[in-house]
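What follows is a set of notes on a single structure, which appears directly below.
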Amino acid sequence: MHFDKVRYELKCLRCHRHYLPHEITYYCPDCKLDGSLDVVFDYKKLRLRLNKSELTKFPFDMWRYHELLPVNRSFAPRLHTGGSPLYPVRVGRKGQVWIKDDSRMPSGSLKDRASALAVALAKSQSVRTIAVASTGNAAAALSCMCAGSGIRNVVFAPTSTAREKLAQIYAYGAEVVRVEGGYDEAFVACHAACEENGWYNRSTGLNSYMSEGKKTVFFEICEQLDWKAPDRVFIPVGNGCIVGAAYKGFHELLQLGWIDRMPKIMGVQAEGSNYMFRAWMKHSGVDGVLPMSSRTAASSISVGLPRDRIKALRAIEDSGGEFICVSDEQIFSAVLDIAKTCGVFVEPGAAASYAGFLKFDTPTNYEVSVLLLTGSGLKDISGLLKSGVINDKTREAVSLI
Ligand SMILES: *Cc1c(COP(=O)(O)O)cnc(C)c1O
Ligand SMILES: [Zn+2]
């Protein structure tokens with residue numbers, strides 16, 4: 001450890017090597033795409049120096065936790081990111097339930113937390129071009145955070161990207177490369193272009209810093225619950241970065257002594273995109289099952305080979321949580337449920353957390369569960385209309401007249 005010279009170190013979760021921040025970019029030079037780095041702070045020192053009651057000196061946004069972020073807050077993009085509401089809701093006899101509404105971020109998804117961090121890091125390193133592979137939200141978030149920053153933004157989007165998200169990305173002024181295939185093909189194309197041109201790559205899983213942005217949502221949840229950790233947190237899983245960030249965030253709060261137990265992390269996947277679920281069921285490690293091309297209408301969690309699978313599996317196994325699979329039908333019906341009962345309109349990928357919670361047999365009536373809502377419903381109107389759930393309901397309503 002070299003904490004006398006630097007604020008944090010990077011530790012590879014595959015080969016266990018340690019690096020200083022300036023020694024490498026954002027992935028392990030030995031393990032490359034197969035590795036994954038943790039950003040490790042000096043928790044002993046932070047525990048003595050930080051006081052959670054002093055957080056309220058800062059505005060309620062993701063930069064409030066800047067002591068636990070790997071970049072100086074002076075580089076933060078100006079858009080208000082983080083600080084989303086936590087609402088109590090009633091869902092049957094399933095204990096105390098809260099929803100965390102991150103559909104309200106600047107570009108409409110939780111990805112803004114990661115992209116804000118990426119742009120801050122890029123600014124601190126005088127980067128000129130940032131690229132990303134994305135099914136839509138990560139790209140929209142990145143181009144939103146790049147807007148007006150002078151940083152060039154290149155997006156690798158699969159041809160299946162929702163029209164709404166694509167329009168949004170163009171509106172923010174990104175350069176878009178359409179890639180034949182799905183997310184997995186876009187990821188490979190983006191990586192190749194970044195290596196060749198020396199661009200900064202924000203792609204989830206490859207850029208290990210992205211979980212540092214996403215962990216802030218879990219700091220907020222604990223702060224909003226008066227520093228009482230919930231029993232379970234339900235999270236949709238695509239690349240696995242958000243679930244990985246949940247573990248990282250809660251683990252840091254434990255080390256600071258701000259919470260006293262690790263919540264069980266519940267990762268929810270779509271049945272047609274269930275790599276993590278299969279790997280977890282089989283106890284075969286992160287590479288023990290075959291990737292399959294993904295088939296789900298919930299585009300933001302449609303991933304054949306999750307790029308943050310090391311952190312994702314650690315999160316579920318070390319927290320005592322579970323992976324759950326839900327059908328597209330359950331996902332779309334959850335979109336309507338959340339809208340009707342909570343007044344929050346989310347996209348299918350986000351509704352997976354709610355669908356997973358409904359499917360899960362909550363062991364007692366006393367549990368506290370948080371359902372993470374990760375993206376706005378306005379981002380995939382065409383997917384919702386195509387699903388038929390709205391049409392069926394409308395027909396029902398008409399027949400009542
Ligand atoms: C990206 C995304 C997810 C999944 O996050 P991962 O970190 O890829 O697992 C879930 N919901 C929405 C709306 C997203 O944009
Ligand atoms: Zn390594």
Side-chain angles (χ1 to χ4, degrees), residues 10-19 23-24 27-38 100-105 107-115 132-142 161-162 164-165 168 183-184 187 202-208 210-211 213-215 217 234-248 265 267-270 273 275-276 294 296 298-313 315-316 323 331 335 345-356 371-380 383:
L10 298 153
K11 183 183 150 201
C12 179
L13 297 176
R14 186 174 287 261
C15 71
H16 306 293
R17 280 186 62 183
H18 286 245
Y19 301 96
E23 288 176 333
I24 56 173
Y27 58 89
C28 173
D30 286 343
C31 304
K32 300 198 171 69
L33 294 184
D34 295 327
S36 190
L37 302 168
D38 249 352
K100 175 72 171 166
D101 181 14
D102 248 36
S103 70
R104 293 204 182 193
M105 295 296 103
S107 82
S109 86
L110 180 145
K111 296 280 193 302
D112 285 328
R113 296 177 186 264
S115 288
V132 68
S134 167
T135 60
N137 285 342
L142 183 62
T161 304
E164 293 85 344
K165 295 180 186 180
Q168 191 186 10
Y183 175 76
D184 301 271
F187 181 89
R202 178 247 178 261
S203 295
T204 300
L206 177 73
N207 190 322
S208 294
M210 295 305 92
S211 28
K214 292 182 179 180
K215 75 184 181 185
V217 73
F234 289 76
I235 301 167
V237 176
N239 273 305
C241 182
I242 307 177
V243 271
Y247 181 78
K248 176 73 166 23
I265 299 170
V268 187
Q269 289 203 291
S273 175
Y275 183 96
M276 292 312 310
S294 71
T296 169
S299 60
S300 49
I301 53 172
S302 178
V303 176
L305 180 65
R307 296 291 170 176
D308 239 337
R309 55 193 183 280
I310 297 182
K311 288 180 183 173
L313 194 62
I316 273 56
F323 279 109
I331 287 175
V335 169
F345 180 43
V346 298
E347 68 164 278
S353 56
Y354 193 97
L371 320 184
L372 187 62
L373 301 181
T374 44
S376 163
L378 298 175
K379 283 175 159 277
D380 195 4

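Just so you know, ligand 1 is whichever comes first in the structure, and atom 1 is the first atom listed for that ligand.
- The Lys214 neighbourhood of ligand 1 comprises atoms 7 (O), with distances under 4.0 Å to a heavy atom of that residue.
- Lys311 has its side chain within reach of Ser208: a pair of non-hydrogen atoms, C-beta onward, lies under 4.5 Å apart.
- Comparing heavy-atom distances from atom 2 (C) of ligand 1 across Lys111, Met210, Lys165, Met276 singles out Lys111 as nearest.
- Annotation: side chain of Arg307 is not in contact with side chain of Met210 (no heavy-atom distance under 4.5 Å).
- Given atom 8 (O) of ligand 1, the protein heavy atom at minimum distance is Asn239 N, 2.8 Å.
- The SG atom of Cys31 and the SG atom of Cys15 subtend an angle of 110° at the Zn ion (ligand 2), given to the nearest 10 degrees.
- Judged purely by atom type and a 3.5 angstrom limit, Asp38 has no side-chain atom pairing as donor or acceptor with the backbone of Lys11.
- The closest side-chain heavy-atom distance from Phe187 to Val303 is not below 4.5 Å.
- From the protein, the heavy atom lying nearest to atom 11 (N) of ligand 1 is Thr374 OG1, 2.7 Å.
- Heavy-atom contacts of Gly375 reach the following atoms of ligand 1: 13 (C) (cutoff under 4.0 Å).
- Taking every non-hydrogen atom of Glu347 and a distance limit under 4.0 Å, the qualifying atoms of ligand 1 come out as 13 (C).
- Proximity to Cys241 (heavy-atom distance under 4.0 Å) selects the following atoms of ligand 1: 6 (P), 7 (O), 9 (O).
- Although no hydrogens or angles enter the test, the distance criterion places a donor-acceptor pair under 3.5 Å between the side chain of Ser353 and the main chain of Leu372.
- The distance from ligand 1 to the heavy atoms of Val237 drops below 4.0 Å at these ligand atoms: 9 (O).
- Between Gly240 and ligand 1, at least one pair of N/O atoms sits closer than 3.5 Å.
- With contacts defined as side-chain heavy-atom distances shorter than 4.5 Å, the pair Val237/Ile301 does not qualify.
- Among the backbone and side-chain atoms of Cys28, an N/O/S atom is found under 2.8 Å from the Zn ion (ligand 2).
- The line from NZ of Lys215 to CD1 of Ile242 is 15.5 Å long, rounded to the nearest 0.5 Å.
- With a 4.0 Å heavy-atom cut-off, ligand 1 is reached by no atom of Val243.
- Protein heavy atom nearest atom 5 (O) of ligand 1, with residue, atom name and distance: Ile242 CD1, 3.2 Å.
- Near Asn137, the atoms of ligand 1 lying under 4.0 angstrom from a non-hydrogen atom of the residue are 13 (C), 14 (C), 15 (O).
- Between Arg17 and Glu23, no side-chain nitrogen of the basic residue sits less than 4.0 Å from a carboxylate oxygen of the acidic one, so the salt-bridge criterion is not met.
- Judged purely by atom type and a 3.5 angstrom limit, Ser294 has no side-chain atom pairing as donor or acceptor with the backbone of Ser273.
- For ligand 1, the atoms closer than 4.0 angstrom to any heavy atom of Gly238 are 4 (C), 6 (P), 8 (O), 9 (O).
- Contact of the Cys28 side chain with the Arg14 side chain is not registered, since no non-hydrogen atoms from C-beta on lie closer than 4.5 Å.
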